[in-house]
Protein chains: 2
Amino acid sequence: MRVLIVEDDPLHRAWLGEAVRAALPECREVVEATDGAEGEARAREMPDAHVVMDLQMQPRTGIDAARTIWRERPSTRILFWSNYSDEAYVRGVSRIVPPGAAYGYVLKSASGERLRLALRGIFVENQCVIDGEVRGTQQKSTAHAVALSEAEYEVLIDIALGLTDRAIAARRGLSLRSVQNRLQAIYDKLGVHAPEGQEGLYNLRGRAVSVAVLRRLLNRNTLERAEADLAEWSARRQR
Amino acid sequence: MRVLIVEDDPLHRAWLGEAVRAALPECREVVEATDGAEGEARAREMPDAHVVMDLQMQPRTGIDAARTIWRERPSTRILFWSNYSDEAYVRGVSRIVPPGAAYGYVLKSASGERLRLALRGIFVENQCVIDGEVRGTQQKSTAHAVALSEAEYEVLIDIALGLTDRAIAARRGLSLRSVQNRLQAIYDKLGVHAPEGQEGLYNLRGRAVSVAVLRRLLNRNTLERAEADLAEWSARRQR
DNA sequence: AGGCGGCCTGCGGGTTCCCGCAAGGGATGC
DNA sequence: GCATCCCTTGCGGGAACCCGCAGGCCGCCT
């Protein structure tokens with residue numbers, strides 16, 4: 001067994017290396033990478049490696065790296081080790097896990113014992129290990145009536161990018177009115193309407209984005225990736 | 001001399017404690033706090049302490065803590081030790097430094113030697129020590145013609161909160177048209193206009209916020225604080 | 001079959017946004 | 001004094017947004 005660690009913080013990287021060696025004595029080799037891009041390269045050289053990865057990295061995030069790693073080798077087992085359980089991250093991860101892949105999501109604030117269990121669970125027993133807190137936001141994100149559907153989430157991203165209704169309609173293959181219907185649903189679910197007696201206070205479109213950021217549905221990484229997707233779509237559409 | 005460390009990550013906290021003791025042998029006591037609120041409390045008990053503080057903390061950020069510490073004792077010397085040099089953070093800090101106070105801003109990625117120099121410079125020599133990278137974004141943020149003025153920045157925050165033109169006008173004591181002028185300036189400076197041949201692509205208002213987030217002019221913390229300010233203003237205005 | 005709920009779509013109109021045009025102040029400089 | 005620059009304000013109009021109403025399609029239930 002070989003393990004690849006991708007983590008930009010030197011202190012955390014060193015500590016993680018120790019934890020991996022201690023939890024997995026059967027591990028022959030531990031390789032460390034200091035950012036997403038290097039992680040992808042190392043993973044390419046180690047076709048049998050398991051991966052432990054941070055999510056917040058500059059400039060390529062853990063999600064970016066995981067996506068390419070999984071695209072090249074969908075059976076790779078990846079343990080995400082992150083500071084936060086924001087819905088933006090949880091959604092980001094669950095969007096890219098290949099069907100059937102074993103993965104994990106453990107918070108950095110979790111105890112060493114929990115990390116140890118996750119390491120063994122994923123890499124040895126081939127099971128999925130998700131921290132309780134993460135599980136919580138995961139369920140919250142699929143609980144009906146409060147949560148946004150995937151279709152609505154897409155439109156939310158589009159307005160966060162600053163697209164017009166018309167542009168969204170073109171991009172998503174919908175009519176203008178359908179886009180607006182989705183927007184209504186988003187406004188309702190996010191509860192962006194101004195309180196009693198303050199009617200003209202909010203621009204609902206902008207307010208929705210604001211609330212989404214505050215509720216951690218959206219973050220800078222989400223936007224950055226969406227921006228890249230948009231650029232690609234926009235180029236393709238030019239011809 | 002006494003030093004207060006405010007840092008939520010245990011690894012970083014421990015390492016920082018060592019660095020402080022090594023750099024400042026004349027330091028009699030090192031106290032550690034694990035989040036912003038505790039930091040404020042400890043600072044209150046140590047009326048002579050210097051402070052080393054992380055910026056990203058939950059739920060009270062380093063900026064929140066620094067603000068109350070400085071309000072109670074404006075001469076406190078604070079060294080901010082942060083992962084990022086985002087304009088949002090730099091602006092956030094420079095908005096709250098009391099006139100004449102000695103402070104510092106050092107990146108976590110900087111070498112131990114740079115941290116040592118900063119610690120001695122601020123706490124012993126009473127000078128300001130700002131990392132080169134931070135200095136860079138600081139200058140970028142005040143370089144004319146590309147950068148937003150303070151007035152424009154306020155309006156940017158308002159649209160990021162999802163306010164209407166009318167609401168912004170009421171809040172900032174301006175006419176509707178003036179608000180729109182500020183918006184124009186923001187649109188120009190952020191360069192949000194769609195490329196040639198894609199005229200209806202962007203909703204400029206939303207696009208401006210998007211670009212601002214991508215350029216790190218705004219982040220979640222900025223928004224959170226702005227939201228609190230807005231709520232307070234809104235309550236005051238009700239009567 | 002018929003009814004029901006969900007999603008998509010067109011129409012219409014009230015409101016808000018985006019912005020060109022133009023007129024009024026201060027502030028500064030020669 | 002006058003010119004110049006910057007910021008503010010009003011007016012007006014075209015475009016985009018928000019949204020109620022109503023009709024159509026599809027799958028599901030009894």
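Proteins get letters first, then strands, A, B, ... in listed order; numbering begins at 1 in each.
Judged by distance alone, the side chain of B:Glu125 and the main-chain N or O of B:Gln127 form no donor-acceptor pair under 3.5 Å. At least one donor-acceptor pair under 3.5 Å links the side chain of B:Ser94 to the backbone N or O of B:Val90.
Atom P of nucleotide D:dC18 and atom CZ of A:Arg207 are separated by 15 Å, given to the nearest angstrom. Rounded to a whole Å, the CD1 atom of A:Ile186 is 15 Å from the C1' atom of D:dC19. Look at CZ on A:Arg205: it is 12 Å from P on D:dC19, rounded to the nearest Å. Taking atom CG of residue A:Leu183 and atom P of nucleotide C:dT9, one finds them 14 Å apart after rounding to whole Å. The separation between A:Leu163 atom CG and D:dA15 atom C1' is 17 Å, rounded to whole Å. The separation between A:Asn203 atom CG and C:dG14 atom P is 21 Å, rounded to whole Å. Between the C1' atom of C:dT15 and the OH atom of A:Tyr202 lies a distance of 19 Å, rounded to the nearest Å. Rounded to an integer number of Å, the gap from B:Ile168 CD1 to D:dT8 P is 14 Å.
Checked against D:dC18, D:dT9, C:dT16, the side chain of B:Leu174 finds its nearest nucleotide in D:dT9. Which of C:dC19, C:dT16, D:dT8 sits closest to the side chain of B:Ser178 comes down to D:dT8. Taking every side-chain heavy atom of B:Tyr187 into account, C:dC19 is the closest of D:dA16, C:dC19, D:dC17. Comparing C:dT9, C:dC18, D:dC18 by their closest approach to the side chain of B:Leu204 singles out C:dC18.
Classification of the B:Trp70-B:Phe80 ring pair by plane angle, with boundaries at 30° and 60°, yields perpendicular.
With salt bridges taken as basic N to acidic carboxylate O contacts below 4.0 Å, none links A:Asp131 and A:Lys108.
Remark on DNA chain D: of its neighbouring residues B:Gly173 and B:Gln180, the 5'-side contact belongs to B:Gly173, judged by nearest-heavy-atom nucleotide.
B:Asn181 comes within 4.0 angstrom of a nucleotide base, judged by non-hydrogen atoms across all strands. As judged by a 4.0 angstrom heavy-atom cut-off over every strand, B:Leu176 is placed among residues making no nucleic acid contact.
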A:Arg114 and A:Glu133: CA distance, side-chain angles, deciding distance, salt bridge (charged side-chain N to carboxylate O under 4.0 Å, His left out) verdict
CA-CA 13 Å; A:Arg114 257 158 83 177; A:Glu133 290 84 344; 3.1 Å; yes

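A close approach under 4.0 Å does occur between a side-chain nitrogen or oxygen of B:Gln184 and OP1 or OP2 of C:dC19. Residue B:Arg182 places at least one side-chain N or O under 4.0 Å from the OP1 or OP2 atom of D:dT8. Not one side-chain nitrogen or oxygen of B:Arg177 sits closer than 4.0 Å to the OP1 or OP2 atom of D:dC11.
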